[in-house]
Every structure is written in structure tokens, then in C-alpha cells.
Student: 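Got a structure here, written out as C-alpha cells. Questions coming.
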Amino acid sequence: MCNLIPIQCMKTFLISASIVVLCPGFFSSCAGNSTTGNNDFGTGDSMFVEEDTVVSQEPLSNWMYNETLDEMTDETSYLAYTISEDVAHFDFPYNGGSNLVLYLRNDPQYGKHVFIKITQGQFNTSIIDGQTIKVRFDSDKAFNVHCDGASDHSMDVLFLNGYKKLVERMKTAKTMKISVEFYNQGTHTFTFNVENLEWEH
């Protein structure tokens with residue numbers, strides 16, 4: 001088991017270093033969560049959040065936002081994300097600390113999704129195959145959420161079922177905890193500050 005320690009000042013570094021570049025075609029959607037039924041994550045600049053965009057965010061919320069207009073369709077893709085307040089220290093080769101990143105996405109072509117990405121590490125293969133993770137809001141009772149993996153079988157991304165329920169609860173909660181199992185690293189719980197979410201998409 002690895003210890004978790006709080007972080008405050010590492011977030012800008014982590015964002016610019018590794019966690020917000022989402023490669024085209026890299027992810028799949030959860031069954032039943034997409035408004036279009038398309039299981040590809042999509043391509044284009046909408047999945048990239050540049051460092052200067054993050055720096056310009058007002059410190060009113062732990063959420064960061066990005067939107068991109070598709071010049072071919074005149075449709076806009078929306079992305080919101082927040083970084084865990086905890087760092088998990090996994091064994092080699094994932095040295096240096098790993099954050100969990102929570103994403104919301106609304107894409108005209110690929111649908112609406114809630115998904116998580118670990119900055120360094122791999123989720124347990126049993127989770128990827130459609131098992132569950134635990135989620136808890138504030139002092140409410142924890143509940144199970146079914147997940148699906150990426151279409152290219154990447155091991156660092158999970159899509160959470162129940163988009164509407166999760167987003168609605170995020171809007172009223174202060175904290176959200178996600179407990180998930182990692183390959184050869186045990187189960188870790190990550191805490192997110194989800195206050196002041198502005199998401200009407």
C-alpha cells in the first residue's frame with residue numbers, strides 16, 4: 001500500500017507536465033452514457049488544454065474549463081476537469097507521485113461523459129473489464145459506479161456510468177471521493193474539491 005499526501009502547489013505543474021493532453025482517439029465512452037452512441041473519444045484541439053488557459057483561470061473554483069469550436073461543423077466541444085487533492089506514491093516505474101484527474105465532457109459528436117485519468121499508473125485489469133469503483137459525496141454513503149475502459153485498451157483511463165446522476169450531485173457537493181484499484185498497487189482513495197462547478201452542458 002502506498003501513502004497518500006495532500007498537495008496544493010503542484011497542480012499547475014502537473015497540468016502543464018502530463019495530465020491534460022488527451023491524444024486523439026485515445027478514449028472510449030461508457031455504454032449508455034453517450035448521447036450519440038459513438039464509442040470513440042474524438043479528435044481535434046478540443047481535447048487539449050494549454051498551460052496559459054489554466055493560468056488565466058480565476059481562483060474561485062477548483063474546476064478548470066476548456067471549449068473548442070469545430071470550424072467544420074460550427075459546433076462547440078466543452079471540457080471541465082479538476083485534479084485530486086491527494087498524491088498516490090506508487091512503486092517503480094511510477095515514481096514521483098500520481099494524481100487522479102476527474103473530467104466532464106460534452107462533445108456534439110461523441111456525447112456526454114464523466115471519466116477519470118491517472119497521471120502515472122494503471123488501473124486494475126478487472127476494473128477495465130467492467131467492474132465497479134466506489135464514489136462518495138460529502139458525508140453521504142458511498143455507492144458503486146460501473147466503469148468501462150478505453151477502446152484502445154489503455155490502462156490509465158476509466159469512463160464512469162451514470163453521467164446525469166454524477167453531474168447533478170457534483171453541483172451540490174463540496175467533496176467527492178473516488179476509491180479505485182490499481183494494477184499491483186492496491187486500492188487508493190482520491191479526494192476532489194468539486195465546489196462551484198459551472199456545467200450546463
Student: Is it true that a side-chain atom of N66 and a backbone atom of T68 form a donor plus acceptor pair closer than 3.5 Å?
Tutor: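 Checked: no pair found.
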Student: So R105 and Y81, do their side chains get closer than 4.5 Å, heavy atoms only?
Tutor: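 With C-beta onward as the side chain, the pair stays apart.
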Student: Is K134 paired with E181 through a side-chain N to carboxylate O contact shorter than 4.0 Å?
Tutor: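 A salt bridge is absent here (no side-chain N lies under 4.0 Å from a carboxylate O).
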Student: In Å, rounded to the nearest 0.5 Å, how long is the span from CG of D156 to CZ of F182?
Tutor: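 It comes to 10.0 Å.
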Student: Kindly determine whether N99 and T119 satisfy side chain to side chain donor-acceptor pair (under 3.5 Å), including the steps that lead there.
Tutor: CA-CA 6 Å; N99 283 87; T119 57; 4.9 Å; no
Student: Can you name the closest pair of heavy atoms from L104 and W199 and give their distance?
Tutor: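 Closest pair (atom of L104, atom of W199, distance): O-CH2, 3.7 Å.
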Student: Counting only N and O atoms by type, is there a donor-acceptor contact under 3.5 Å from the side chain of S179 to the main-chain atoms of T189?
Tutor: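 Such a contact is absent between S179 side chain and T189 backbone.
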Student: So do the side chains of N184 and D91 get within less than 4.5 Å of each other, counting heavy atoms only?
Tutor: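 The answer is no, as the side chains (C-beta and beyond) never meet within the 4.5 Å cut-off.
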Student: Could you tell me whether D140 and R169 have a side-chain N and a carboxylate O separated by less than 4.0 Å?
Tutor: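 Between R169 and D140 there is a salt bridge, with a charged N closer than 4.0 Å to a carboxylate O.
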Student: If the threshold is 4.0 Å, N to carboxylate O, is there a salt bridge linking K174 and D138?
Tutor: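 Salt bridge: no.
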Student: Could you check whether any side-chain heavy atom of F190 comes within less than 4.5 Å of a side-chain heavy atom of L102, counting everything from C-beta outward?
Tutor: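 Counting from C-beta outward, F190 and L102 never come under 4.5 Å.
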Student: Evaluate the criterion side chain to side chain donor-acceptor pair (under 3.5 Å) for residue pair Y94 and Q122; output intermediate values, then yes/no.
Tutor: CA-CA 9 Å; Y94 305 114; Q122 297 183 28; 2.9 Å; yes
Student: Are the side chains of K164 and L166 in touch, meaning some heavy atoms are under 4.5 Å apart?
Tutor: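 No - every pair of side-chain heavy atoms lies 4.5 Å or more apart.
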Student: Does atom CD of E198 have more than 12 heavy-atom neighbours from other groups under 6.0 Å away?
Tutor: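 Incorrect, the count does not exceed 12.
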Student: Among all residues two or more places apart in sequence or in another chain, which pass the side-chain contact (heavy atoms from CB on, under 4.5 Å) test with T76?
Tutor: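 T76: side-chain contact (heavy atoms from CB on, under 4.5 Å) contacts with E67, L69, Y78.
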Student: Going by the side chain to side chain donor-acceptor pair (under 3.5 Å) test, name the single residue among N196, N193, T82 that passes it with N62.
Tutor: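 Among the candidates, only T82 passes.
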Student: How about F123 and Y183: are their ring centroids closer than 6.0 Å?
Tutor: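 No, ring centres 6.0 Å or more apart.
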Student: Should the ring pair H188 and F90 be called parallel, tilted or perpendicular, given that the plane angle runs from 0 to 90° and is split at 30 and 60?
Tutor: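 Perpendicular.
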Student: Determine whether V194 and T175 make a side-chain contact, defined as any pair of heavy atoms from C-beta on separated by less than 4.5 Å.
Tutor: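 No; the side chains remain at least 4.5 Å from each other.
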Student: Below 4.5 Å, heavy atoms only, C-beta onward: do R136 and M176 meet side chain to side chain?
Tutor: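 They are not in side-chain contact.
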